[in-house]
Structures are given as C-alpha cells and as structure tokens.
Amino acid sequence: MNIPLLHPKTSTPHHSQLFLTQIRTCQSMQELKQVHAFLIKTAQNHEPVVATELLRHSATSDFRDIDYALSLFDEMPEPDCFAWNTLIRALAETHDRPLHALLFFCNMVSDGMVEPNRFTFPSVLKACSVLTRLEEGKQVHGLVVKFGFSGDEFVVSNLLRMYVMCGNMEDSHVLFRRSFDGVDYMNKVMRDKRREEGIVVLCNVMVDGYVRVGNLTAARELFDRMHKRSVVSWNAMISGYAQNGYFLEAIELFHRMQMEDLLPNRVTLVSVLPAISRLGAIEMGKWVHLYAERNKIKIDDALGSALVDMYAKCGSIGKAVQVFESLPKSNVITWNAILGGLAMHGKAKDVFDFFARMERSGISPSDVTYIAILSACSHAGLVDKGRSYFNHMVNVGFVPRIEHYGCMVDLLGRAGYLEEAKELILNMPIKSDDVIWKALLGACKVHKNVEIGRRAAEVLMQLAPHDSGAYVAISNIYASSGDWDAVAEVRLMMKDLDIRKDPGCSWIEIDGVIHEFLVEDDSHPSAKEIHSMLEEISNKLNFEGYRPNTTQVLLKMDETHKESVLHYHSEKIAVAFGLISTTPKTPLQIVKNLRICEDCHSSMKLISKIYNRKITIRDRKRFHHFEHGSCSCMDYW
DNA sequence: ATAGGGTTAG
C-alpha cells in the first residue's frame with residue numbers, strides 16, 4: 001500500500017487528513033497495522049484525531065480485532081468520550097465480550113475523566129440485554145436518569161429492550177407507557193417525523209417482548225393499536241406467530257402486509273418461510289422464492305437455509321438440493337437444513353455424502369448436524385451406522401443431548417431392539433423426558449410389544465399426565481394384540497381424567513390456497529362432493545380386495561362403524577378433496593400433524609395405483625411418496 | 001457514531 005512519506009516535522013493538519021483517508025481505505029488488519037507502524041515511526045501516533053480513527057477502525061470494521069483496539073486504547077494518554085464509546089460498543093457487540101463491555105463502562109465512570117454521553121448508554125444497555133443482567137441493567141437505568149438521558153429516544157428504546165430481554169414485562173410496560181405518553185405528546189406538539197419513528201421502534205420492542213414471553217394476544221393487540229407500523233413491526237409479528245406455532249396466522253399477516261402496500265424485505269421472507277414449510281404450502285413457498293429473485297433480495301445463507309428447508313418440507317427435495325448448491329454454504333445452519341431435509345426423505349446415503357462434503361469444506365458440524373444424521377440412520381434402519389456416528393460425535397467432543405438419545409432410542413426401537421432402547425433411556429446420564437419415552441412407545445407399537453409398551457406408557461402418563469399420546473398408543477398396542485378389555489380400561493381412564501385424543505389434522509394446498517381438514521371434518525364448503533368421493537374411493541378399494549385394518553382405532557366398536565371412522569381420517573379427506581379439485585395425474589401433496597396410521601398408509605398405496613397419482617404425505621416425522629401402489633418408506637417408518 | 005425484526009432440531 002501507499003504510505004505517504006512524510007517527515008515528522010512536516011506533519012500538519014493537512015497531513016492528518018491524508019492519514020485519515022489512509023485509515024479509512026484499509027481493507028485488512030494488516031494494512032491498518034502498517035499505517036499504525038508508520039505513525040509510531042514518525043511519532044504521530046498520539047495525534048488525537050488520527051489515533052481515534054485508528055481505534056474506531058480496528059474496533060468496528062468488518063476485519064476488526066478487538067484486542068488490538070484495546071491495546072490502542074491503552075496507549076492513549078487521555079482517551080476522550082468517543083474512544084470509550086467506541087470500545088464499549090465493540091465489546092458489547094462481540095459474542096463473548098459483553099461482560100467486558102460492562103466492566104469497561106464501570107472503569108469509564110469511576111475514572112471520572114470523561115462523562116458518559118447519550119451514545120454511551122445504548123451500548124451499555126445492549127450488553128445488559130444479551131447478558132440478561134436485570135440488576136446491572138437497573139443500576140445503569142439509575143445512571144441514565146442521573147446523567148439526564150431519560151428523554152433520549154435511543155437510550156429509552158435500549159432501556160426498554162433491556163427490560164424486555166430480561167423478561168421483566170411489568171417494568172417494561174411501565175416504562176413503555178411513560179415514554180409513549182411523553183413522546184406521543186411531543187409528537188402532537190412538534191409534528192416531528194423522527195419522533196414518530198421513535199414511537200414505532202418502542203412499540204416494536206414491546207411487540208417483540210410479548211412474543212418472547214409467549215403472549216401472542218398482547219403482542220397482536222399492541223400491533224393492531226399502532227397508528228403507524230414499519231416493516232420491522234410486521235416482521236416481529238409474523239416471526240412471533242411462526243415461532244409459536246401459529247402458522248396460518250403468520251401467513252395471513254404476510255398476505256395482509258402486501259395488501260397494505262408494505263414491501264416485504266429479506267427478514268420478512270426468512271420469518272414467514274418456516275410457517276410455509278410447516279404447512280407444506282409449496283405454491284406460496286415458490287412465490288416467496290420468485291419474489292426474492294425478482295426484487296433483487298439477496299439470497300444469503302439465512303434466506304437460503306429457510307428456502308432449502310421449505311422445499312424439503314414441501315416435498316421437493318430435488319429443488320432443495322438445487323437451491324442449496326447455489327448458496328455460499330458458509331454457515332452450519334445451511335448444511336443442517338439440507339441434511340435434515342435429506343434425512344426426512346429417507347435419503348440416508350445422500351446425508352452421509354453431504355456430511356463428508358461439509359467436513360471437507362471446513363464447516364464444523366454442530367449438535368443439530370448429528371440430530372439430522374442420526375435421524376437419517378433411524379429412517380433407513382441403519383443401526384450400526386447410527387451407533388458409529390453416535391460414538392464419533394462423542395469422540396469429537398460433543399456431549400449428547402436428550403435429542404441425540406432420542407434419535408438413538410428411535411433408531412434402536414424401530415429396528416426392533418426394544419430392550420436395548422429401554423436400557424439406553426434408563427442408563428443415560430441425563431434426565432429422560434416425555435418425548436424420549438414416546439419414541440420408545442412408538443417403537444413398541446410398531447413391534448406390538450405389550451410388555452415394554454406398558455412400561456413406557458406408565459412412565460409417560462406420569463411425566464405428561466394430560467398428554468393423550470400415551471393413552472392412545474397403549475390402547476392401540478392392546479388393540480393390535482386383541483386385548484379389548486385392556487382397551488376399554490384405558491378408554492375409561494381417559495374419560496375419568498378428561499383426556500381427549502389430539503385431533504388429527506391435514507392440509508392440502510390447491511391453487512395456492514391452503515385447505516385444512518380435521519378428523520371427520522364436514523365443515524368444508526365442498527363437503528358433499530368430498531363425501532361422495534370418499535365413498536367412491538372406499539368402493540374401489542374394496543373392489544381391489546382391500547380390507548381395512550381396524551386395529552389402530554381407539555374404541556372397540558362394531559366393524560362397520562370402525563370402517564367409517566377410518567374413512568374420515570383427515571389425510572383421506574384431504575386426498576378425496578385433492579382428487580376432485582385437480583386434473584388427472586396432478587400429484588397431490590398433503591401435510592399431516594400426526595403420524596400416518598397403518599390403515600391410511602396401506603390405502604394410500606392403493607389409491608396411488610387406482611387413480612394413477614403420485615401422492616406425497618408428510619407426516620409428523622417424515623415423507624411418504626406413494627406411487628404405483630408402493631411407498632418410498634418401504635413400509636418402514 | 002448511537003434504536004427495532006431472521007434460518008436448522010428427537
């Protein structure tokens with residue numbers, strides 16, 4: 001690089017200006033250090049303006065080196081407020097340094113040479129937020145008042161965010177009311193655009209706070225009351241819905257946003273995609289992808305991961321791989337998204353290949369990566385491979401979490417090693433939870449093991465007394481072994497404890513509209529047509545020699561009644577609706593909230609043959625691609 | 001020089 005060759009004695013303010021430009025155009029730490037070295041050599045490193053600029057760049061540029069910045073700071077004889085602020089901000093924003101930022105702020109205050117200003121507090125409060133240090137936050141709040149910055153909107157929004165992030169919604173609300181009233185009044189008097197913007201930010205912080213504590217109702221109420229909303233307001237609400245399982249609401253809001261002429265940005269798309277994925281709404285997902293491309297929204301790793309996940313969860317694993325290949329892939333989440341997608345589709349070999357590629361590319365796997373790999377082994381029945389990946393994971397230093405043990409229980413149990421799966425739960429060094437016992441119970445159901453199944457159900461009923469899962473599963477196990485007395489007993493217990501079966505629910509997207517069906521649902525506008533289609537299907541199935549498998553129904557009832565209940569499982573209703581709403585040969589895609597039952601699985605195989613349709617059903621855990629009378633899972637699921 | 005929203009998971 002070109003360093004101006006100046007003799008120290010000739011250095012003037014004009015030359016300082018030259019150095020500032022030099023510093024600002026540096027592209028790496030190395031270049032910055034060269035300038036620094038030259039400044040030392042020519043005894044200009046204590047020139048205040050230049051020294052501060054050097055500090056700012058080493059602390060805040062993309063190639064920042066905080067420790068180097070700290071050493072520069074130590075060389076300053078009299079650091080000014082700007083220098084303190086720069087370092088506090090840099091420390092607060094560095095992943096493992098926010099505590100350091102707080103200590104630095106304490107030094108600043110006790111040093112007493114300079115007073116904190118309105119730029120100091122936002123960073124300090126940000127540090128308290130990420131550390132969720134309410135006590136320290138309150139002390140800083142005291143200093144905010146003492147130094148007279150409680151009217152500064154940047155300080156206030158950070159103060160509010162500190163209370164929100166510490167989960168203290170009561171104090172948040174008090175502060176919010178007070179500053180809102182104050183700012184609102186000022187707004188009326190001054191008609192100041194920037195004030196208005198400040199109010200929006202305060203509201204956004206509050207909406208986000210309510211979302212964080214899971215109070216979606218309060219979040220939505222505030223959102224609706226806002227006189228003005230920014231794209232961030234919409235994003236906060238949409239992601240809030242999506243993250244809390246209100247997928248239809250998230251999508252509905254996304255639509256409404258466009259009707260109100262607000263342009264979605266990259267974060268909006270990233271926020272709404274998980275909801276689209278969960279509902280399997282491929283048409284909407286494609287639309288989002290196209291929207292990003294048309295509007296020059298950069299498909300970075302975050303948006304890309306969400307798209308990969310969407311295509312995988314919507315059944316288009318090929319498209320998911322295609323999008324994946326076009327991404328920078330610098331992020332472990334991106335790799336996890338494709339690995340999880342491949343696993344879900346039962347493509348175990350691809351999972352291993354992609355995993356090897358990932359390691360070659362220098363991205364370190366995370367614990368989530370191993371969840372994807374283990375679940376791939378589980379779906380493909382690769383017990384030994386799963387065991388060896390589990391050991392590998394431990395050898396490279398991961399402490400297995402309950403999710404990993406869950407995968408192993410699933411893997412062993414599904415493959416028939418029920419005793420070993422049970423022993424694993426009993427001997428693992430961490431506390432078991434309801435999910436892991438459910439995995440074992442599910443395996444007992446597949447292998448019709450009454451003994452271990454009963455044991456698992458008993459534990460489960462204690463761990464999650466109001467969850468219908470254990471009752472439904474054990475009664476199905478009894479039913480498949482023909483023990484109707486035991487079934488009736490479970491049934492009675494459920495009645496006593498007022499436990500109801502989780503309603504099965506399926507979604508199918510036709511022409512971009514999502515239709516939702518519950519068990520025995522007749523609320524759809526086309527209910528009549530659907531019903532006759534169901535009858536037709538049933539007749540054709542019978543004609544093909546199909547006899548329903550009625551053992552998986554909770555109640556013992558007379559055979560005809562049982563059959564009619566089976567016909568009304570939500571995925572069958574969705575298929576019937578799909579068949580009458582689309583042209584011949586159109587593939588059908590259905591998403592179900594529970595796992596598919598044996599009867600539906602075998603009738604879907606036949607339906608795909610009789611009607612010559614590809615039918616894809618995504619159940620709670622994986623994909624089933626039905627075609628020409630068979631399923632991609634090879635009946636192992 | 002300072003504020004608010006995001007992706008993967010048994």
Undergrad: Between atom CD1 in A/Ile338 and atom P in B/dT8, what is the gap in whole Å?
TA: 14 Å
Undergrad: When all nucleic acid strands are considered with a 4.0 Å heavy-atom cut-off, which category describes A/Ile402: base, sugar-phosphate, or nothing?
TA: base
Undergrad: Does B/dG4 have its OP1 or OP2 closer than 4.0 Å to a side-chain nitrogen or oxygen of A/Arg161?
TA: yes
Undergrad: Figure out the NZ/C1' separation between A/Lys126 and B/dA1, and round it to whole Å.
TA: 12 Å
Undergrad: Counting the atoms with a prime plus P, OP1 and OP2 as sugar-phosphate, which does A/Val205 contact under 4.0 Å by heavy atoms, base, sugar-phosphate, or nothing?
TA: sugar-phosphate
Undergrad: Using a strict threshold of under 4.0 Å (side-chain N to carboxylate O), is an ion pair present between A/Glu325 and A/Lys319?
TA: no
Undergrad: Of the options B/dT7, B/dA1, B/dG10, whose atoms approach the side-chain atoms of A/Ile371 most closely?
TA: B/dG10
Undergrad: Using a cut-off of less than 4.0 Å, is there contact between a side-chain N or O of A/Arg595 and OP1 or OP2 of B/dG10?
TA: no
Undergrad: Once you round it to whole Å, what is the distance between P of B/dA9 and CD1 of A/Ile436?
TA: 19 Å
Undergrad: Could you give the CG-to-P distance, from A/Leu440 to B/dG10, as a whole number of Å?
TA: 18 Å
Undergrad: Kindly say if A/Lys438 contacts the phosphate of B/dG10, meaning a side-chain N or O under 4.0 Å from OP1 or OP2.
TA: no
Undergrad: Let's see if you can work this out: which of B/dG4, B/dA3, B/dG6 has an atom nearest to the side-chain heavy atoms of A/Phe154?
TA: B/dA3
Undergrad: Does a side-chain N or O of A/Ser239 approach OP1 or OP2 of B/dG5 to a distance below 4.0 Å, or not?
TA: no
Undergrad: In whole angstroms, how far is the C1' atom of B/dA1 from the CG atom of A/Asp80?
TA: 12 Å
Undergrad: Could you tell me whether A/Val156 contacts a base, only the sugar-phosphate backbone, or nothing, with contacts defined as non-hydrogen atoms closer than 4.0 Å?
TA: nothing
Undergrad: Please report the C-alpha distance between A/Thr334 and A/Asn331 in whole Å, then the side-chain angles of each, then the deciding distance to 0.1 Å, and finally whether the side chain to side chain donor-acceptor pair (under 3.5 Å) criterion is met.
TA: CA-CA 6 Å; A/Thr334 313; A/Asn331 185 328; 4.6 Å; no
Undergrad: With the side chain of A/Val201 defined as its heavy atoms from C-beta on, choose the nearest nucleotide among B/dA1, B/dA3, B/dA9.
TA: B/dA3
Undergrad: Strictly under 6.0 Å, is that where the ring centroids of A/His141 and A/Tyr163 end up?
TA: yes
Undergrad: Select base, sugar-phosphate, or nothing to describe what A/Asp434 touches, counting heavy atoms under 4.0 Å on all strands.
TA: nothing
Undergrad: Quickly work out the A/His57 NE2 to B/dA1 C1' distance and round it to whole Å.
TA: 11 Å
Undergrad: For a quick check of understanding: with a heavy-atom distance under 4.0 Å over all strands, which category does A/Phe82 fall into, base, sugar-phosphate or nothing?
TA: base
Undergrad: Report the distance from atom CD of A/Gln243 to atom C1' of B/dG6, rounded to the nearest whole Å.
TA: 8 Å
Undergrad: By the 4.0 Å heavy-atom rule, please label A/Arg212 as base, sugar-phosphate, or nothing.
TA: sugar-phosphate
Undergrad: When you check the phosphate oxygens OP1 and OP2 of B/dT8, does a side-chain N or O of A/Arg278 lie under 4.0 Å from one of them?
TA: no
Undergrad: Whether the side chain of A/Asp152 engages the backbone of A/Phe154 through a donor-acceptor N/O pair (distance < 3.5 Å, no angle test) should be reported.
TA: yes
Undergrad: Side chain of A/Asp208 only, heavy atoms from C-beta on: which candidate in B/dG5, B/dA3, B/dT7 is closest?
TA: B/dG5
Undergrad: Closest approach of A/Lys621 and A/Met344, non-hydrogen atoms and distance?
TA: O-CG, 3.8 Å
Undergrad: Measure from the side chain of A/Ile333, starting at C-beta and using heavy atoms only, and say which of B/dT8, B/dA1, B/dG4 lies closest.
TA: B/dT8
Undergrad: Please classify the nucleic acid contact of A/Asp152 as base, sugar-phosphate, or nothing, using heavy-atom distances under 4.0 Å.
TA: nothing
Undergrad: For A/Asn331 and B/dT7, give me the distance from atom CG to atom P, rounded to whole Å.
TA: 12 Å
Undergrad: Phosphate oxygens OP1/OP2 of B/dT7: is one of them under 4.0 Å from a side-chain N or O of A/Lys313?
TA: no
Undergrad: Is a donor-acceptor pair below 3.5 Å formed from side chain A/Asn265 to base B/dG6, judging by atom type as modelled?
TA: no
Undergrad: Which one, B/dA3, B/dG6, B/dG4, comes nearest to the side chain of A/Ser271?
TA: B/dG6
Undergrad: Which nucleotide sits closest to the side chain of A/Asn117: B/dT7, B/dG4, B/dA1?
TA: B/dA1
Undergrad: Identify which nucleotide among B/dT7, B/dA3, B/dG5 has an atom closest to any side-chain atom of A/Pro122, counting heavy atoms from C-beta outward.
TA: B/dA3
Undergrad: Between A/Tyr210 and A/Arg220, does a side chain to side chain donor-acceptor pair (under 3.5 Å) hold up when you go through it step by step?
TA: CA-CA 9 Å; A/Tyr210 287 126; A/Arg220 183 57 187 263; over 6 Å; no
Undergrad: Does any donor-acceptor pair link the side chain of A/Asn158 with the base of B/dA3 at a separation under 3.5 Å?
TA: no
Undergrad: Check if the side chain of A/Arg118 and the base of B/dT2 share a donor-acceptor pair of N or O atoms closer than 3.5 Å.
TA: yes
Undergrad: Could you tell me whether A/Trp84 and A/Phe73 have their ring centroids closer than 6.0 angstrom?
TA: yes
Undergrad: Give a yes or no on whether a donor-acceptor pair under 3.5 Å exists between the nucleobase atoms of B/dG4, that is its base, and the side chain of A/Ser230.
TA: yes
